[in-house]
Amino acid sequence: MRYPKMREIREAVISLFSPAYTSPFPRKGHQPFEGYRGKPVVDEKNCVGCQTCANVCPSHAITFSDDREKRIRTITRDYGKCLFCGQCQEHCITGKGVTLSDKIFDLAVTDRKEVIEYQERDLLVCENCSAIITTRQHLFYLHGKLGPKAFASILNLNMLNEKLRLEDPLKTDVPVIDHLKRKDMFNILCPDCLREVQVKTLGP
Ligand code: SF4
Ligand code: SF4
């Protein structure tokens, strides 16, 4: 058609003098509606590195890697893969480790690496077999939840001793030499090695 229809011209003129329907970002911040699920934000104090959110994330946006040598757990959150489903917030064991914010345009970047975040937590490794137990922060969080019941576990007791600086002369967190001995009951051991100490070295 050579000339546009009158209806289209009319609509074009109306749109020209109507307020914009879209938000004027970045000139003005976007105001999402209540309950909007935007970029997840981690609370460093309340994220204990337990790995639960990685297990429930459907798009594998959250991954973990454990360095036994350096005893560090690294949590990688790639928001370029995030679906904003809210599962990480829903299942966070502390209830405050990660929260979906009302921000979404922060993820509009030209380099995907800019939307990847990392957190590091102290890794607890068995001093006998090097099995990964969990993170130090995770265990202390569980102590807080359990209260005095935490003392029912020797591992917890040893960790609390260490935290309270009561370990001397019982040295905790030291490598097991040769093989498990009775004294290693006061060391940081995984449940399997602790059982071995208790059953084999304390048994009849
Ligand atoms: S504390 Fe919450 S945010 Fe942190 S790793 Fe565990 S589930 Fe994820
Ligand atoms: S909102 Fe969903 S997709 Fe995004 S990080 Fe959390 S669990 Fe994964």
Side-chain angles (χ1 to χ4, degrees), residues 23 25-26 29-126 130-153 155-160 162-164 173 188-192:
S23 59
F25 184 84
H30 177 61
Q31 280 302 319
F33 52 84
E34 200 178 327
Y36 181 84
R37 296 198 306 243
K39 182 182 179 241
V41 175
V42 174
D43 180 339
E44 288 294 335
K45 273 194 188 156
N46 287 300
C47 172
V48 294
C50 67
Q51 212 167 337
T52 306
C53 53
N55 292 337
V56 297
C57 177
S59 63
H60 304 292
I62 310 171
T63 50
F64 283 72
S65 64
D66 292 334
D67 187 329
R68 281 187 169 85
E69 292 297 312
K70 293 183 184 161
R71 308 213 165 186
I72 287 175
R73 167 169 287 173
T74 306
I75 309 152
T76 306
R77 297 174 196 265
D78 182 350
Y79 296 124
K81 294 180 183 171
C82 181
L83 307 170
F84 314 105
C85 64
Q87 290 296 304
C88 50
Q89 176 179 331
E90 177 82 22
H91 294 279
C92 176
I93 64 156
T94 67
K96 302 175 201 158
V98 65
T99 314
L100 268 65
S101 68
D102 60 1
K103 294 183 175 57
I104 190 74
F105 289 105
D106 292 11
L107 297 174
V109 292
T110 49
D111 183 354
R112 290 192 63 141
K113 287 184 190 146
E114 289 175 31
V115 291
I116 301 178
E117 287 179 5
Y118 302 91
Q119 285 101 40
E120 287 187 346
R121 299 290 178 267
D122 307 326
L123 196 62
L124 262 188
V125 177
C126 174
S130 297
I132 290 164
I133 303 172
T134 182
T135 62
R136 206 168 274 267
Q137 291 84 356
H138 186 194
L139 213 65
F140 286 146
Y141 169 72
L142 295 177
H143 291 167
K145 294 290 279 184
L146 287 168
K149 293 189 190 111
F151 290 101
S153 155
L155 172 64
N156 286 345
L157 190 60
N158 292 341
M159 287 292 296
L160 285 172
E162 188 188 62
K163 193 182 177 191
L164 295 170
D173 228 356
I188 302 298
L189 299 179
C190 69
D192 284 346

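Excluded from the calculations below are hydrogen atoms, water molecules and symmetry mates; all remaining heavy atoms, backbone and side chain alike, are included. Ligands are counted one by one from 1 in listed order, and the atoms in each one are counted from 1 as well.
Looking at Glu117 and Lys39, a side-chain N of the basic residue comes within less than 4.0 Å of a carboxylate O on the acidic one, giving a salt bridge. Salt bridge annotation for Arg71-Glu120: absent, with no cationic side-chain nitrogen under 4.0 angstrom from a carboxylate oxygen.
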*Before giving the answer on ring-ring contact (aromatic ring centres under 6.0 Å, His included), spell out for Tyr141 and His138 the whole-Å C-alpha distance, their side-chain angles and the decisive distance to 0.1 Å.*
CA-CA 5 Å; Tyr141 169 72; His138 186 194; 7.2 Å; no
*May I have the step-by-step check of side chain to side chain contact (heavy atoms under 4.5 Å, CB included) for Glu90 and Val56, ending in yes or no?*
CA-CA 10 Å; Glu90 177 82 22; Val56 297; over 6 Å; no
*Is there a side chain to side chain contact (heavy atoms under 4.5 Å, CB included) between Cys82 and Leu107 once you walk through the steps?*
CA-CA 10 Å; Cys82 181; Leu107 297 174; 5.8 Å; no
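Atom CD of Glu44 has more than 12 neighbouring heavy atoms from other residues, nucleotides or ligands inside a 6.0 Å radius. Counting non-hydrogen atoms of other residues, nucleotides and ligands closer than 6.0 Å to NZ of Lys103 gives a total of 12 or fewer.
Among protein heavy atoms, the minimum distance from atom 1 (S) of ligand 1 is reached at Val48 N, 3.3 Å. Protein heavy atom at the shortest distance from atom 3 (S) of ligand 1 is Arg77 NH2, 3.6 Å. Looking from atom 2 (Fe) of ligand 1 to the surrounding protein, the closest heavy atom is Cys92 SG, 2.4 Å. Atom 4 (Fe) of ligand 1 has its closest protein heavy atom at Cys47 SG, 2.4 Å.
Heavy-atom contacts of Gln51 reach the following atoms of ligand 1: 5 (S) (cutoff under 4.0 Å). Listed by number with element, the atoms of ligand 2 under 4.0 Å from a non-hydrogen atom of Ser59 are 3 (S). Of all atoms in ligand 1, listed by their number and element, those nearer than 4.0 Å to a heavy atom of Gly49 are 4 (Fe), 5 (S). The Thr52 neighbourhood of ligand 1 comprises atoms 7 (S), with distances under 4.0 Å to a heavy atom of that residue.
Around atom 6 (Fe) of ligand 2, protein N, O or S atoms at a distance under 2.8 Å total 1; waters are neither shown nor counted.
With hydrogens and angles disregarded, no donor-acceptor distance shorter than 3.5 Å links the side chain of Arg73 to the backbone of Thr135. Using a distance-only test at 3.5 Å, with no hydrogens or angles considered, a donor-acceptor pair links the side chain of Asp43 to the main chain of Lys45.
Note on Cys50: not counted as a metal contact of atom 4 (Fe) of ligand 1, no N/O/S atom lying under 2.8 Å.
Counting only heavy atoms from C-beta outward, the side chains of Val48 and Arg121 never approach each other to under 4.5 Å.
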